[in-house]
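Heads up, the thing below is written out as C-alpha cells.
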Amino acid sequence: MRVDVITLFPEFIAQSAGLGVVGRAQEKSLFSLHGWNPRDYAEGNYRRVDDRPFGGGPGMVMLIEPLQACLDAVRMADPAPAPVIYLSPQGRPLTQSRVRELAALPRMILLCGRYEGIDERFLASQVDEEISLGDYVLSGGELGAAVIIDAVARLQEGALNDAESAAQDSFEGELGLLDCPHYSQPAQHALGEVPEVLRSGNHAAIARWRRQQSLLRTWQRRPELLDEARLSKADRQLLEQARQGLQGTPTP
Ligand code: 9D3
C-alpha cells in the first residue's frame, strides 16, 4: 500500500512512522509513505500557505493554490487512483471497521490541516472523505494521519510477526470485546500474585477464565460494546457467573 501525506510538517509523519510495526512494514516494502509539503508549492518570496479568513474572525485559513499544486504533484508521482482523506474534527469518527476497509486499498492520500482549516472550495472539490479522531481539539491533522497510518500498516499482510499475528487472531473480530488482563514473572510480587488458574496448566480453564475476564471488563467499562457483540449462550453464562462473583466487591 502507498500512503501520501500532505502536511506542513512532513518530518512529524516520517518520525512517528519510522519505528515499530510501521517502520518494519516499510522496510519490508509492504507499505510506502511519502510526505508532501504545500509550502514547497507556494509562490513568492514568502511562500505563503495561509491568509486571513473572509468575513473576519480569529485564525488563518490554508490557501487553495499551494494545496492544489501540491495535490497535482502527488497525483503525478503515481497514476494509481487514491481517495483524498481529510483529517478534521468535522469528520466521521475513525473505527476499526473503516480501518480494515482503508487497509485493503492500494493507495490513499491523507490531507492534514493546520490553523483554522482549509478553504472550503478546495475541500468541496478535492476531498472524498473526512475522518476525525474523536471529540476533542487537536492543533492539526498530523496526529490523525499518524493514527490512520499505524492502524492500516499493521493490517498489511506480513506486517505483524508471528506472536503479534497470533495475538490478533485469538482476539476474534478485534475490538468486539475488551482484552483480558495479562501477567508475567514473578508469580509472587509485593503488588500482588498471578491468578492461580493461569499457573494451573489447564488450557481449557485458562481460555475460559480469559474469555470471562474479557466479558466482565467489557460489561464494566464499555457496556455499549456488548450490544454489538453477538454473545453465545456460554458467554452469557460466563458473564452472569462473573457478575455473581462480584457481588460486594468494589469496582475499580
Ligand atoms: C479551537 C479551534 N476551533 C474553533 C472552534 C476549530 C478547530 C480548528 C482546527 C479545531 C481543531 C482544529 C485542528 N484539528 C484537526 O486538524 C483534527 C482533529 C481534531 O481537532 N480533533 C479530532 N480529530 C481531528 S483530525 C484533525
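Both counts, for ligands and for their atoms, begin at 1 and track the order of listing.
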(request) Please report which non-hydrogen protein atom sits nearest to atom 23 (N) of ligand 1, along with the residue it belongs to and the distance in Å to one decimal place. (result) Leu133 N, 2.9 Å
(message) Check Asp235 with Lys233, please: is the shortest side-chain N to carboxylate O separation under 4.0 Å?
(response) no
(message) Give the atom numbers and elements of ligand 1 that come within less than 4.0 Å of a heavy atom of Ser132.
(response) 22 (C), 23 (N)
(message) I'd like to know if Gly117 contacts ligand 1, where contact means a heavy-atom distance under 4.0 Å to any ligand atom.
(response) no
(request) Determine, for Arg210 against Asp179, whether the closest basic-nitrogen to carboxylate-oxygen distance falls under 4.0 angstrom. (result) no
(request) Please check atom 26 (C) of ligand 1 for a protein heavy-atom neighbour under 4.0 Å. (result) yes
(message) Once you restrict to heavy atoms under 4.0 Å, what part of Arg114 touches ligand 1? Side chain, backbone, both or neither.
(response) neither
(request) Report yes if Tyr136 has an N/O atom closer than 3.5 Å to an N/O atom of ligand 1; otherwise report no. (result) yes
(message) Among all the protein's non-hydrogen atoms, which is closest to atom 1 (C) of ligand 1, and how far away is it?
(response) Val137 CG1, 4.2 Å
(message) Salt bridge or not between Glu164 and Arg24? Use side-chain N to carboxylate O under 4.0 Å.
(response) yes
(message) My understanding is that we take every heavy atom of each candidate and find the minimum distance to atom 16 (O) of ligand 1. Doing that for Ala145, Gly140, Gly59, Pro58, which one comes out nearest?
(response) Gly140
(message) With a 4.0 Å cut-off on N to O distance, would you call Glu142 and Arg114 a salt bridge?
(response) yes
(message) For the NE2 atom on His182, are there more than 12 heavy atoms of other groups (residues, nucleotides or ligands in this structure) within a distance under 6.0 Å?
(response) yes
(request) Would you indicate whether the side-chain heavy atoms of Trp36 and Pro10 approach each other to under 4.5 Å? (result) no
(request) Take every heavy atom of Gly144, measure it against each atom of ligand 1, and state whether any distance is under 4.0 Å. (result) no
(request) Starting from atom 8 (C) of ligand 1, find the nearest protein heavy-atom neighbour and note its residue, name and distance. (result) Glu116 O, 3.8 Å
(request) Answer yes if the side chains of Glu240 and Gln244 hold a donor-acceptor pair under 3.5 Å, and no otherwise. (result) yes
(request) Treating Ile, Leu, Val, Met, Phe, Trp and Tyr as nodes and any side-chain heavy-atom pair under 4.5 angstrom as an edge, say whether Trp209 and Leu215 lie in one connected cluster. (result) no
(message) Assess whether a salt bridge exists between Glu101 and Arg98, defined as any Lys/Arg side-chain N lying under 4.0 Å from an Asp/Glu carboxylate O.
(response) yes
(message) If you measure every N or O of Gly141 against every N or O of ligand 1, does any of those distances drop under 3.5 Å?
(response) yes
(request) Could you find the nearest protein heavy atom to atom 22 (C) of ligand 1 and give me its residue, atom name and distance? (result) Gly134 O, 3.2 Å
(request) Looking only at protein heavy atoms, identify the closest one to atom 12 (C) of ligand 1 and say how far it is in Å. (result) Leu138 O, 3.6 Å
(message) Starting from atom 9 (C) of ligand 1, what is the nearest protein heavy atom, named by residue and atom, and what distance separates them?
(response) Tyr115 O, 3.6 Å
